[in-house]
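Following: one structure in structure tokens, then a few remarks.
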Protein chains: 2
Amino acid sequence: MAGISGGKNYHHGDLRNALICAAVDLATEGGPERVVLREAARRVGVSPTAAYRHFDGRGELLRTVRGHARARLADAMERAAAREPGADDPALAAERRLAALCRGYVRFAVEHPGLYRAAFSAVPAVDRPACAPAPPEPEIRAFTLLREALEALGRTGGRRPAAGAAAWSAVHGLSLLLLEGPLRRLSAQRRDDVVETTLAMVVSGVRVP
Amino acid sequence: MAGISGGKNYHHGDLRNALICAAVDLATEGGPERVVLREAARRVGVSPTAAYRHFDGRGELLRTVRGHARARLADAMERAAAREPGADDPALAAERRLAALCRGYVRFAVEHPGLYRAAFSAVPAVDRPACAPAPPEPEIRAFTLLREALEALGRTGGRRPAAGAAAWSAVHGLSLLLLEGPLRRLSAQRRDDVVETTLAMVVSGVRVP
DNA sequence: GCCCGATGTTGACCGCATGAACATTCCGCG
DNA sequence: CGCGGAATGTTCATGCGGTCAACATCGGGC
């Protein structure tokens, strides 16, 4: 991803980055459960325990990968929205943007199943020593994008409170069902149908009735 | 669950069932990843490899647990719908039933997070020897219930095709976000808000606009 | 030029999945 | 009733993954 290392022999020079790259590859290939410390080290050509100089253990490695995956997802959504043509009518434009973001989301999930699953994998979480009650829980840009798009759409008409979460739910659930759920093995055609229907539901659901 | 065994000493008498119960307990406590063959065997008081006489390995055990979890989910949904008062207007009744089913779904997920996750966990899947191309993929009753409710609702007005999947997506995604996703740690109050908003979206999304 | 701290390496321990070989029990058949 | 095989458990062994402690090596600052 970010950091082509100039590897030496004993001291690698950029092990942390190299491990992250390897781990991201692993996640891409087989999802979060495939992110295995020993394998990442192996790929980088380093002993398993070397990773402990840079990560607190598998958990932290996985958490790092998750961050990357989330960033990539958001990027994909933004690219999808950017490709969308504008519209004179602001309401129409807002609707289109929201739809484009959602399509980008689902598309990313379908195209990079492993990475997508990694993006939302529940990672063990660090043991907190009974202080620092709430880890800031960094924002998830994918969600922010959806929320903002919904707000923009809402400004062009009545908006239901908490619609952001509802929209996200639909898009997220759809992705998971398509990926590993019972909607897996749908033809591309039928998959698109489902996506569009869900999108219509989301858009129409934003408006108060 | 089903099978209180009268354990002997060497020959257990009902090991398979006992293991399933233990495994379901494990899933209830910590989700699918906690369903560990050795631990299940330990709880039943039997050697780890004994399980292989009854299951093809961890995968099959987990698949069995998944079946139980799905059944329980559907039961919870039906109970929730059964408690719902009827209505004279068939359209209203259909709407209420759908909403009740969805609430039951989310409720089950929130109350039994581990079991719920187990219900939709992706299990490795048996290696097929290149024949038997499509394993029948047994229906998921929870989905059937939703689909039927949507159809009933659809008969009282225009219905969007593929709305079933859309509705399921929303409900499923919502559950996951509430469980392990970023909507975790929401107060019960705000959680209910989100649930109701999503429900409204689902119901309004069924109708053609 | 030397010494310390950062960074890797070895070796070891534990838990888990799984397979092979061996033990015990149950049950139907003679 | 008694025997023998099929079921069902057990022990032993292999391999993988996570993680820790002790040791080795390199890279710089003094």
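Proteins come first, then strands; the chains are lettered A, B, ... in the order of their sequence lines, and each starts at number 1.
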Worksheet item: Counting only N and O atoms by type, is there a donor-acceptor contact under 3.5 Å from the side chain of Arg97(B) to the main-chain atoms of Ala81(B)?
Response: no
Could you tell me how far apart [X] ([atom1]) and [N] ([atom2]) are, to the nearest whole angstrom?
X        : N       : atom1 : atom2 : value
Arg38(B) : dT14(D) : CZ    : C1'   : 12 Å
Glu39(B) : dA17(C) : CD    : C1'   : 15 Å
Leu15(B) : dT24(C) : CG    : P     : 18 Å
Leu19(B) : dG9(D)  : CG    : C1'   : 12 Å

Worksheet item: Is Arg42(A) touching bases, backbone alone, or none of the nucleic acid, heavy atoms closer than 4.0 Å?
Response: sugar-phosphate
Practice prompt. Please list, by residue number, the residues of residues 25-37 of chain A whose heavy atoms come closer than 4.0 Å to an atom of DNA chain D; answer none if no residue qualifies.
Written response: Val36(A), Leu37(A)
Fill in: Strand-adjacent residues in residues 53-64 of chain B, judged by heavy atoms under 4.0 Å from DNA chain D
Arg53(B), His54(B)
Practice prompt. Please work out whether the ring planes of Phe143(A) and Trp168(A) are parallel, tilted or perpendicular, with thresholds of 30° and 60°.
Written response: parallel
Worksheet, complete the sentence: Partner of Tyr116(B) under side chain to side chain donor-acceptor pair (under 3.5 Å), picked from Arg70(B), Glu111(B), Arg72(B), His172(B), is His172(B)
Worksheet item: Does Thr49(B) make a side-chain donor-acceptor contact with the base of dT11(D), cut-off 3.5 Å?
Response: yes
Worksheet item: Who passes salt bridge (charged side-chain N to carboxylate O under 4.0 Å, His left out) against Arg42(A), sequence neighbours left out?
Response: Glu39(A)
Side chains of [X] and [Y] in contact at under 4.5 Å (non-hydrogen atoms):
X         : Y         : value
Ile20(A)  : His54(A)  : no
Leu177(B) : Pro182(B) : yes
Val65(A)  : Pro32(A)  : no

Worksheet item: Given dG9(D), dT9(C), dT19(D), which nucleotide is nearest the side-chain atoms of Tyr52(A)?
Response: dT19(D)
Discussion item. Can you confirm whether Arg184(B) is buried at CZ, in the sense that more than 12 heavy atoms of other residues, nucleotides or ligands lie under 6.0 Å from that atom?
Written reply: yes
